Asks: 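Sharing a structure here in structure tokens format.
Hydrogens, waters and symmetry mates are skipped; everything else that's a heavy atom, side chains included, is used. Everything numeric here is computed off the predicted structure, so don't read it as measured data.
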Amino acid sequence: MRYLPALLAVSAVPALADTIKITVSDDSFDPETATAEKGDILEFHFGAGNHSVAAGEFDSINGPCVPSNEGGFFSGYFDVNSGESDEVFRVTVNDTEPIVFYSTQGRECAGGLIGGVNIKDKGQLEKYREDAAALSQGVAPPKVFGGVVAKAGSDSSDDGDDDSSDNNDGGDDDGDDDDGAAGSVRAGLAGVVGAAGLVAALMV
């Protein structure tokens, strides 16, 4: 009597990613800080006013409220009359290093409109904010990069690789106050998880 060995076919199980909602208002990022893993998506929502978000650096020789020297991102300006913009800015997190970001609009960075991801030392963020208070205004990159402008509520898996340039203009105009809400939803990056199949041993 001879037995064929059982074969176990197991599909690879993709990791799930968080889409972390961060709302930008006149006086805050909500939440101010968040924790993200590699592959997670930061989804910036923009409340009433004219706001933006750009990545900075904690240890930049140029100081706070200045774009990151390497990598980074910039959303361009979202000019919203009331409520919340129907477009969002999505950034995929490449690693778990700390990220500091700020609004480039007028004196918003100097006024404390600063946030961060994977901040290990909250004091580091407070020092960044204190140094920013002495500035006249933040510095904006010349164009949108490092992320995707998309319709709010759309599936992030449908986002293309091209950055949008529609939001490059429109700085320096202030809007009305409007606080936003924040939350986190689960999103699958790679579709449905495959099921494991088992081929039973055959007896000859």
Asks: Using the six-membered ring wherever Trp is involved, compare the ring planes of Phe44 and Phe46 and label them parallel, tilted or perpendicular (cut-offs 30° and 60°).
Replies: tilted

Asks: Look at the rings of Phe89 and Phe73 and say which category their plane angle falls in: under 30° parallel, 30 to 60° tilted, over 60° perpendicular.
Replies: tilted

Asks: For the residue pair Thr104 and Phe74, establish whether any side-chain heavy-atom pair is separated by less than 4.5 Å.
Replies: yes

Asks: Give a yes-or-no answer on whether the side chains of Arg90 and Ser154 include a donor-acceptor pair shorter than 3.5 Å.
Replies: yes

Asks: Output the distance between atom CG (Asp40) and atom CG (Asn94), rounded to the nearest 0.5 Å.
Replies: 11.5 Å

Asks: Mind checking whether Glu43 and Ile22 have side chains closer than 4.5 Å, heavy atoms only?
Replies: no

Asks: May I ask you to say whether Lys120 pairs ionically with Glu97, meaning some side-chain N is under 4.0 Å from a carboxylate O?
Replies: no

Asks: Evaluate the ring pair (Phe, Tyr, Trp, His ring centres under 6.0 Å) criterion for residues Tyr102 and Tyr128: first the C-alpha distance (whole Å), next the side-chain angles of each, then the deciding distance (0.1 Å), finally the verdict.
Replies: CA-CA 10 Å; Tyr102 65 96; Tyr128 190 96; 7.1 Å; no

Asks: Would you check if Ile20 and Ile41 make a side-chain contact, meaning some heavy-atom pair closer than 4.5 Å?
Replies: no

Asks: OG1/Thr19 to NZ/Lys21 distance, rounded to the nearest 0.5 angstrom?
Replies: 12.0 Å

Asks: Could you grab the distance from atom CG of Leu113 to atom CG of Asp26, nearest 0.5 Å is fine?
Replies: 8.0 Å

Asks: Say you draw a straight line from NE2 of His45 to CD of Glu87; how long is it, rounded to the nearest 0.5 Å?
Replies: 12.0 Å

Asks: With a 4.5 Å heavy-atom cut-off, do Lys127 and Glu130 have their side chains touching?
Replies: yes

Asks: Do Val88 and Val149 have side chains that approach each other closer than 4.5 Å (heavy atoms only, starting at C-beta)?
Replies: no

Asks: Output yes when Arg129 and Glu126 qualify as a salt bridge under the 4.0 Å nitrogen-oxygen rule, no when they do not.
Replies: yes

Asks: Judged by atom type as modelled, is there a donor-acceptor pair below 3.5 Å linking the side chain of Glu57 to the main-chain atoms of Asn69?
Replies: yes

Asks: Heavy atoms, side chains only, cut-off 4.5 Å: are Phe101 and Val91 in contact?
Replies: no

Asks: How many angstroms lie between atom CZ of Phe78 and atom OG of Ser52, to the nearest 0.5 angstrom?
Replies: 9.5 Å

Asks: Hey, could you give me the CD/CD distance between Glu108 and Gln137, rounded to the nearest 0.5 Å?
Replies: 11.5 Å

Asks: Check whether the side chains of Asp27 and Ser25 place a donor and an acceptor atom closer than 3.5 Å, and report yes or no.
Replies: yes

Asks: Would you list the pairs meeting disulfide bond (SG atoms under 2.5 Å apart) in which at least one residue belongs to residues 60-154, sequence neighbours left out?
Replies: Cys65-Cys109

Asks: Val139 versus Pro67: any side-chain heavy-atom pair under 4.5 Å?
Replies: yes

Asks: Do His51 and Asp79 have a side chain donor and acceptor closer than 3.5 Å?
Replies: no

Asks: Any side-chain heavy atom of Glu84 sitting closer than 4.5 Å to one from Val80?
Replies: no

